Amino acid sequence: MADRRTFLKDAAAATAAMVSAPVLMTACKAGEMKDRTASGNIESRLIVPKGEALPITGTFLDEISHDIPHQNWGEKEWDRDFQYMKAVGIDTVIDIRCGYRKFITYPSPYLLKKGCYMPSVDLIDMFCRLAQKYDMKFYLGLYDSGKYWDTHDMSYEVESNKFVIDEVWERYGSKYSSFGGWYISGEISRSTKGAIESFRTMGKQCKEVSGGLPTFISPWIDGKKAVMGANGQLSRADAVSVEEHEREWNEIFDGIHEYVDACAFQDGHIDYDELDAFFSVNKKLADRYGMKCWTNAETFDRDMPIRFFPIKFDKLRLKLEAAKRCGYDKAITFEFSHFMSPQSAYIQAGHLYDRYREYFGI
């Protein structure tokens with residue numbers, strides 16, 4: 001009998017705990033934005049100067065993923081993420097691409113006729129609304145058919161985007177004041193077939209249809225860590241030299257600077273002791289052609305065999321400090337929501353968020 005009474009008492013306590021759990025979780029969510037630390041004001045004892053780096057003020061929004069897991073967020077989760085972004089000073093959000101192969105972010109009449117799948121939510125409309133709500137600028141990433149990745153000829157991307165650019169501007173750009181510019185989403189590292197003419201053509205149309213709104217690109221540096229994400233290789237020997245990088249990108253900038261306003265080189269393909277050499281060249285070339293020099297400060301780690309986890313804070317710090325030393329104009333990241341957000345599927349992302357706040361005194 002005593003055992004039965006004990007069992008009933010424990011069962012009742014467990015039921016009460018289950019009933020109260022949603023209330024406790026709701027209370028935690030409500031207070032999470034105000035203070036994410038359960039231990040009050042305890043902070044790390046930094047032995048480096050605080051804030052001696054270029055802060056991240058922009059992020060890609062990776063809703064058409066192909067090498068990182070989808071988080072399946074709805075508008076509630078996205079709204080909360082915009083709050084987290086705003087809290088650390090992010091003022092620019094960039095949809096990384098409005099479609100990739102058959103998956104698209106908005107109900108494009110043109111792309112649906114081409115066999116793309118109907119999305120369940122108009123993500124571009126949602127991102128424009130949230131950007132407006134939180135006083136941010138939204139940049140639209142162009143459509144990626146995948147043909148460039150299959151053929152290494154970027155000219156294939158021009159035809160589809162002729163229609164997409166007009167569609168997007170009519171549906172969103174002319175409607176939302178938050179629509180602030182364009183991301184020409186084709187990624188290159190060096191001289192690539194059709195790249196200069198494609199960047200010029202798409203950039204020109206973006207600027208003409210939108211009354212001159214800014215455009216930017218985000219190529220990668222063909223460094224020692226520029227390896228395929230699908231294999232276990234972490235580095236390679238045939239990396240580009242600083243001199244080759246400068247010569248090739250001088251030619252590319254010369255051909256595109258009229259219609260591309262900024263270049264945000266991805267910073268994860270070179271080693272940390274190479275940052276200043278390559279960053280200095282990037283800044284010199286951007287200044288030469290009247291372009292803004294941004295950095296795409298990757299918040300995922302390329303140094304691990306498991307692809308991809310949030311980056312170690314010190315690695316991110318080194319990259320942002322180099323960007324500040326070299327006089328960069330802006331730091332954006334790929335990508336806040338997966339690799340830096342407190343509500344990311346990766347628990348390490350929330351810790352990176354906290355370390356970033358400590359370092360910048362936020």
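Model, not experiment: these values are computed from the prediction. Just so you know, these numbers use all the heavy atoms, side chains as well, and skip hydrogens, waters and symmetry mates.
The side-chain heavy atoms of C128 and R171, taken from C-beta on, include no pair separated by under 4.5 Å. Contact annotation: the side chain of T215 never approaches that of F199 to less than 4.5 Å [non-hydrogen atoms, C-beta and beyond]. A 4.5 Å side-chain heavy-atom check between V168 and L142 finds every atom pair outside the cut-off. Under the 4.5 Å side-chain criterion, counting only non-hydrogen atoms from C-beta, L316 is not in contact with T333. Side chains of I252 and I188 form a contact here, defined as non-hydrogen atoms less than 4.5 Å apart. Inter-residue side-chain proximity for K319 and T295 is flagged as unmet; no heavy-atom pair is nearer than 4.5 Å. Side-chain atoms of K86 and D135, non-hydrogen and from C-beta on, do get closer than 4.5 Å to each other. Side chains of S198 and Y148 form no contact here, defined as non-hydrogen atoms less than 4.5 Å apart.
To the nearest 0.5 Å, atom OH of residue Y328 and atom CZ of residue F279 are 4.5 Å apart. Atom CD in E246 sits 5.5 Å away from atom CG in L285 (nearest 0.5 Å). Put simply, CG on D81 and CE on M340 are 11.0 Å apart, with the number rounded to the nearest 0.5 Å. Summarising the geometry, atom OG1 belonging to T201 is positioned 11.5 Å from atom CD1 belonging to I196; distances are rounded to the nearest 0.5 Å. Atom CG of L275 is separated from atom SG of C326 by 8.5 Å, given to the nearest 0.5 angstrom. Taking CZ from R129 and CG from D79, the interatomic distance works out to 9.5 Å, rounded to the nearest 0.5 Å.
Residue K204 places its NZ atom among 12 or fewer non-hydrogen atoms of other residues, nucleotides or ligands, all under 6.0 Å distant. The 12-atom threshold is not exceeded at NZ of K147, counting heavy atoms of other residues, nucleotides or ligands nearer than 6.0 Å. Remark: E258 CD is packed, more than 12 non-hydrogen atoms of other residues, nucleotides or ligands lying under 6.0 Å away. The number of heavy atoms from other shown groups lying within 6.0 Å of NZ (K114) does not exceed 12. Counting non-hydrogen atoms of neighbouring residues, nucleotides and ligands closer than 6.0 angstrom, the NZ atom of K312 reaches no more than 12 such neighbours. Within a 6.0 Å sphere centred on NZ of K50, heavy atoms belonging to other residues, nucleotides or ligands number more than 12.
Using cut-offs of 30° and 60° for the angle between ring planes, the F300 and F308 rings count as perpendicular. Note: Y134 and F82 have tilted aromatic rings, judged against thresholds of 30 and 60 degrees for the angle between ring planes. Using the six-membered ring where Trp is involved, H269 and W220 have ring planes that are tilted, between 30° and 60° apart. Relative ring orientation between W249 and H245 is described as tilted, the plane-to-plane angle lying within the 30° to 60° band. By the 30° and 60° cut-offs, the orientation of the rings of F336 relative to Y353 is perpendicular.
With F253 as the aromatic partner, K283 does not meet the cation-pi criteria of under 6.0 angstrom to the ring centre and within 45 degrees of the ring axis.
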S337 and T59: CA distance, side-chain angles, deciding distance, side chain to side chain contact (heavy atoms under 4.5 Å, CB included) verdict: CA-CA 9 Å; S337 297; T59 182; 5.9 Å; no
Stepwise ring-ring contact (aromatic ring centres under 6.0 Å, His included) check, Y183 with F60: CA-CA 10 Å; Y183 168 53; F60 284 105; 5.0 Å; yes
Worked verdict on I104 versus L112 for side chain to side chain contact (heavy atoms under 4.5 Å, CB included): CA-CA 9 Å; I104 54 179; L112 288 169; 4.0 Å; yes
Criterion side chain to side chain donor-acceptor pair (under 3.5 Å) on T105 and E63, from CA distance to verdict: CA-CA 7 Å; T105 57; E63 260 304 289; over 6 Å; no
Criterion salt bridge (charged side-chain N to carboxylate O under 4.0 Å, His left out) on R355 and E358, from CA distance to verdict: CA-CA 5 Å; R355 302 294 78 72; E358 285 178 344; 3.0 Å; yes
Criterion side chain to side chain contact (heavy atoms under 4.5 Å, CB included) on V164 and M202, from CA distance to verdict: CA-CA 10 Å; V164 168; M202 291 186 283; over 6 Å; no
R307/D67 under salt bridge (charged side-chain N to carboxylate O under 4.0 Å, His left out): CA gap, chis, key distance, verdict: CA-CA 8 Å; R307 310 294 173 85; D67 56 2; over 6 Å; no
Check against side chain to side chain contact (heavy atoms under 4.5 Å, CB included), I332 and T92: CA-CA 8 Å; I332 62 174; T92 306; 5.6 Å; no
S145 and E157: CA distance, side-chain angles, deciding distance, side chain to side chain donor-acceptor pair (under 3.5 Å) verdict: CA-CA 6 Å; S145 72; E157 303 307 322; 2.9 Å; yes
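Taking every heavy atom of both residues into account, R97 and E187 meet most closely at NH2-OE2, 4.1 Å. S191 approaches E251 most closely through the heavy-atom pair OG-OE1, 4.3 Å. In terms of heavy-atom proximity, C116 sits nearest to Y143 at SG-OH, 3.8 Å. Residues E167 and P109 come closest through the heavy atom pair OE2-CD, 3.3 Å. Summarising the geometry of L213 relative to K207, their closest heavy-atom pair is O-NZ, 3.4 Å, with the distance given to 0.1 Å. Of all heavy-atom pairs spanning F163 and E159, the tightest one is CD1-O, 3.5 Å.
Cluster membership check: M291 does not share its hydrophobic cluster with Y259, using side-chain heavy-atom separations under 4.5 Å among Ile, Leu, Val, Met, Phe, Trp and Tyr. Hydrophobic cluster membership differs between Y156 and F103, with clusters built from Ile, Leu, Val, Met, Phe, Trp and Tyr side chains linked at under 4.5 angstrom. Side-chain heavy atoms closer than 4.5 Å link hydrophobic residues (I, L, V, M, F, W, Y) into clusters, and following such links, even through other members, never connects L352 to I347.
Proximity of a side-chain donor or acceptor of E75 to a complementary backbone N or O of M126 within less than 3.5 Å is not detected. Without hydrogens or angle criteria, D329 side chain to C293 main chain gives a donor-acceptor distance under 3.5 Å. Side chain of D271 to main chain of E274: no donor-acceptor pair is present (N/O by atom type, distance under 3.5 Å, no hydrogens or angles). Looking only at distances, a side-chain donor or acceptor of Q132 sits under 3.5 Å from a matching main-chain atom of S178.
The only option from T299, D62, L61, D267 that meets the side chain to side chain contact (heavy atoms under 4.5 Å, CB included) definition with F334 turns out to be D62. Under the ring pair (Phe, Tyr, Trp, His ring centres under 6.0 Å) rule, F179 has a single partner from Y139, F127, W169, which is W169. When the options Y359, Y356, F360 are evaluated for a ring pair (Phe, Tyr, Trp, His ring centres under 6.0 Å) with F313, the one that passes is Y359.
A centroid separation of 6.0 Å or more is found between the aromatic rings of Y172 and F138.
With sequence neighbours excluded, the residues forming a side chain to side chain donor-acceptor pair (under 3.5 Å) with N250 are R288, Y289, listed by chain and number.
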